[in-house]
**Q** 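Just dropping this structure here.
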Amino acid sequence: MDKEIYEKVNRLAVRDYHSKTLRGMYPYLRVLDEILSYTKVRSEVSLGLVDIPLDQIVGTKTAGRTNAFASNFMPLLPLGTEFAAKWCRLYESHLEEGIREPITAYEFLNRFYVVEGNKRVSVLKSCDAVTVPAMVTRIIPEPDDSEESIIYYEFLDFYDKTAINYINFSQPGNFKDLVKQVGMEPEHVWTDEEKEDFRSAYITFKKIFVKRGGAKLTLTYGDAFLVYLNIYGYEEMKQKSDNEIQQELTKIWNDFVFYPQKPEVKLIMNVDESAEKKPLVKRILPQNSEPLKIAFIHTKTVENSSWTYGHDLGCNHLENTFKEQVRIRSYFHADSIEEQTGCFEQAIADGCEVIFSTSPTLLDISTRYAMKYPKIKILNCSLNTSSKYVKTYYGRLYEAKFLIGAVAGTMAKTDKIRYIADYPIYGMIANINAFALGAQMVNPKIKIYLEWSKLKSEFAGKREDISVSFISGKDFITPKEDSGAFGLYDENGGELVNLAMPVWNWGVFYEKTVRSILNGTWKQEEQKGKHESLNYWWGMSSGMIDVICSGKLPAGTKRLVELLRQSICSGGFNPFSGTIYSQDGLVHNDMDDGITSEEIVTMDWLADNIIGSIPTLDAFQEEAKSLVEIQGVAKAKQADGENT
C-alpha cells in the first residue's frame with residue numbers, strides 16, 4: 001500500500017516538474033536564502049508555536065533538500081531510494097498516530113519556508129491536511145513602494161489584531177476592506193470567538209468556491225471571499241446554507257473570473273429623449289392600471305439634512321407629476337447596517353418595484369438587494385461607482401459652480417474669496433476647481449481660500465484672518481435653518497447677503513427615470529449596457545442642475561451668467577477647456593477640447609489660484625470618514641503620511 005501511495009505522489013511530482021520546465025518556470029521548491037540574498041531585511045521576530053496553512057508552505061530555508069521535491073512538495077526521488085523508504089515510514093506513522101511534532105519554519109511575506117520537517121510537510125500535503133504546527137520565525141523586509149510590500153505591511157497590521165495567517169490578498173487595501181466587511185473597528189483586537197466565527201465562514205466559502213472551480217482562477221481565495229462579502233454581506237452569509245452560497249457564487253462568477261477588473265464605468269451625460277416617447281405597442285395595447293410602487297431610502301431625515309430635503313422635494317415632484325400612476329413610500333434613518341437592512345426589507349415587503357437610495361453610503365446594501373431581487377430596479381445616488389448590478393445617478397454641479405465663480409470674480413472688491421467645502425469626494429474637487437476657474441476667467445488675480453467643514457478640530461486649524469469679498473458656502477438649504485450661509489454670500493456688511501446659488505432639481509431626474517419605466521424603455525436601455533456600470537451624470541442641459549441669481553446682481557453680471565449658461569448647455573463651452581494650471585503645474589492646454597468627463601470625475605488636484613489642499617482620510621470626523629472611504633478621490637483616501 002505504501003509503495004502504491006509513493007508511486008502515486010511521485011507521479012504527481014514528475015508531472016509538476018515537467019509542467020514547470022515546459023513553461024520555463026523553476027521546477028523545485030523555492031529557497032528562502034536565495035530570495036533573501038537580494039532583499040533588505042528589517043528584523044526577525046519569533047512567533048512561537050503556530051498552526052500554519054499547508055497551502056502557504058512554498059519552499060525550504062536552504063538549498064540542501066531542494067531537488068528532492070517538486071514545487072508542489074511531492075517527492076521526486078524514485079522508489080527504492082533511502083529517501084523513499086523514510087517517506088513511506090513517515091506516511092504509515094501518520095496514518096496510525098498522526099504527525100504531532102512541530103516543524104520549524106520561517107515566514108516571509110506570509111509564505112512559509114521549512115527549516116526542518118520537509119518530509120512531514122510532503123506527507124501531510126499528500127493527505128490533503130490543512131495545517132501543520134510549526135515553530136515560526138518571521139522575517140520582515142524593509143518596506144518599499146511595491147504592491148507586494150504594501151500588501152504585506154497591511155497583513156502585518158491585520159495579523160497584529162487577529163493572529164490570522166491563512167488569508168491572502170493580491171490587491172492593496174483588501175485587508176482593511178475585509179475588517180470593514182466583517183463589521184470590526186480597525187483597531188479592535190479580535191476575540192477567540194470572533195476568530196472562530198470568521199474561520200468557519202472562510203472555510204465554508206473556500207470549500208464551495210473550490211468545488212465550483214475557483215482553484216483554476218487567478219485570484220486568491222481571500223480575494224474571492226472579499227468579492228462575495230462586498231455583495232452579500234458577512235453576517236448574512238453565516239445564516240445561509242451551502243446550497244444558497246453556491247447559487248450566489250454562480251450569479252457573480254464573472255466577478256471572480258475577471259478580478260480585479262471591474263465593469264467599465266459608463267457616464268451617461270445627457271437625457272435620452274427617446275425614453276420620453278411611449279413605444280407604439282404601449283400606445284396600442286391597454287395598460288395595467290396598477291400604480292408603480294416606488295421607495296426612497298434616506299440615511300437622514302428631511303428635518304436634519306438638506307441633502308435628504310432636496311431629494312424629498314424630488315419625491316414630491318414625482319407625486320405631483322404622475323399622481324395616480326405611482327405610489328411612493330419614504331424610509332429614513334438608514335444609517336447602520338441593521339437600519340439599512342430594515343429599510344430595504346420593509347420596502348420590498350411593501351411591494352416596491354423601484355428603489356432610489358439617496359446616499360453613496362447605501363451603495364453596498366443597494367448592490368446586495370439588487371443581486372437578491374433582480375426584478376426590482378434599484379438606483380443609488382453616487383458617482384463613478386463600478387457596479388453592473390445597480391445604476392447610479394448624480395449631477396454635474398461643476399457647471400453651476402463655474403457660473404457662480406464668474407459672479408464672485410466679477411463682483412469681488414478684493415482679490416480674495418473663501419470657499420467652504422465638506423467632503424473631497426468624486427465630483428467635489430471639480431466643483432471647487434470650476435468655481436476657481438470661473439472667478440479667474442474674469443479676474444486673473446483672484447485667489448480662492450479653501451476650507452473643509454468636516455475636519456477634526458486638531459486638523460481644522462485656525463481660520464486665516466483675511467479680508468475676503470465673498471464666501472462660497474454649502475449648496476443646500478436645510479429646513480428650519482435661519483442662517484443664510486449658503487451659495488455665494490457676502491457677510492461684510494454685518495448681515496448675510498446672498499448673490500447666487502446652485503440648484504439640484506432632483507425631480508427632473510426622478511421624473512424622466514420613472515417615465516422611462518412606465519413607458520417600457522428602461523429595459524431596452526438596460527440591455528444595451530448590461531456589461532457596463534451605468535452612471536447617470538446629468539448637467540444644466542437636462543434641467544437637473546441650475547443656478548439662481550439674486551435680484552441684487554447688476555444687469556451686466558446677470559447677462560454674463562445667462563450667456564455662459566446657454567453656451568454650456570449647448571455644448572459650445574467647457575469650463576475645463578483651454579490652458580489650466582494646477583498647484584503643481586500645467587494640467588491642460590487645448591483650446592478646442594476640454595478635459596475628459598472621466599478626468600473631471602476623478603480629479604484630485606487643485607487649480608493654481610486655490611490656497612489650500614486636499615486632506616487625507618485621517619483628518620476627517622468619524623461621520624465623514626465612511627463617505628470619503630467610499631467616494632473619496634485618491635488623495636483623500638490615503639492615511640496621513642502615505643505617498644500619493
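As a basis for the values below, the full set of heavy atoms in this structure was taken, side chains included, without hydrogen atoms, waters or symmetry mates.
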**Q** Looking at F296, W504, W538, F322, which hits ring-ring contact (aromatic ring centres under 6.0 Å, His included) with Y510?
**A** F296
**Q** Give a yes or no on whether a salt bridge exists between R199 and E196, defined as a side-chain N under 4.0 angstrom from a carboxylate O.
**A** no
**Q** Might you work through the side chain to side chain contact (heavy atoms under 4.5 Å, CB included) test for K375 and E353, ending with a clear yes or no?
**A** CA-CA 8 Å; K375 292 184 179 180; E353 304 157 83; over 6 Å; no
**Q** Hydrogens and angles aside, do T308 and H298 bring a side-chain donor and acceptor to less than 3.5 Å of each other?
**A** no
**Q** May I ask you to decide whether K240 forms a salt bridge with E236, counting only side-chain N to carboxylate O separations under 4.0 Å?
**A**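 Salt bridge: no.
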**Q** Taking NZ, NE, NH1 and NH2 as the nitrogens, is one of them in E623 or K300 under 4.0 Å from a carboxylate oxygen of the other?
**A** yes
**Q** For E451 and Y419, does a side-chain donor sit closer than 3.5 Å to a side-chain acceptor?
**A**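 Their side chains do not contain a donor-acceptor pair, so the 3.5 Å distance test is not met.
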**Q** Going by atom types alone, do S170 and D223 pair a side-chain donor with an acceptor below 3.5 Å?
**A**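 Yes, side-chain donor-acceptor contact under 3.5 Å.
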**Q** Taking only residues two or more places apart in sequence or in another chain, which ones pass salt bridge (Lys or Arg N to Asp or Glu O under 4.0 Å) with E319?
**A**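 E319: no salt bridge (Lys or Arg N to Asp or Glu O under 4.0 Å) contacts found.
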**Q** Where do K251 and E248 land on the salt bridge (Lys or Arg N to Asp or Glu O under 4.0 Å) test, with the steps shown first?
**A** CA-CA 5 Å; K251 290 180 181 179; E248 290 171 341; over 6 Å; no
**Q** Which residue, V601, T385, N535, forms the side chain to side chain contact (heavy atoms under 4.5 Å, CB included) with V265?
**A** N535
**Q** Does a donor on one side chain sit under 3.5 Å from an acceptor on the other, for E562 and Q566?
**A**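 Yes, side-chain donor-acceptor contact under 3.5 Å.
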**Q** Does this structure show an ion pair linking E324 with R327, if we count only N-O contacts that are shorter than 4.0 Å?
**A** yes
**Q** Applying side chain to side chain contact (heavy atoms under 4.5 Å, CB included), run through D604 and I429 and close with a yes or a no.
**A** CA-CA 7 Å; D604 59 358; I429 308 301; 5.7 Å; no
**Q** Establish, for the pair R212 and W253, whether the NZ or CZ atom is under 6.0 angstrom from the six-membered ring centre and no further than 45 degrees off its axis.
**A**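 Relative to the ring axis of W253, which defines the angle, R212 lies inside both limits.
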**Q** Looking only at side-chain N and O atoms, does S200 offer a donor or acceptor that is under 3.5 Å from a partner on D197?
**A** no
**Q** Q247 and side chain to side chain contact (heavy atoms under 4.5 Å, CB included): which partner among T250, I245, N243?
**A**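 With Q247 as partner, T250, I245, N243 yield a single side chain to side chain contact (heavy atoms under 4.5 Å, CB included), made by N243.
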**Q** Taking the six-membered ring of W537, is NZ or CZ of K266 closer than 6.0 Å to its centre and within 45° of its axis?
**A** no
**Q** Going from CZ on R329 to CD1 on I297, what distance comes out if it is rounded to the nearest 0.5 angstrom?
**A** 12.5 Å
**Q** Quick one about E345 and Y369 (side-chain donor to acceptor, distance below 3.5 Å, no hydrogens or angles considered), yes or no?
**A**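 Yes.
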**Q** Would you give the length of the straight line joining atom CG of N384 to atom OH of Y394, rounded to the nearest 0.5 angstrom?
**A**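 These two atoms lie 12.0 Å from each other.
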**Q** Say whether Q346 and D350, considering side chains only, have a donor N or O and an acceptor N or O under 3.5 Å apart.
**A**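 Present: a donor and an acceptor within the cut-off.
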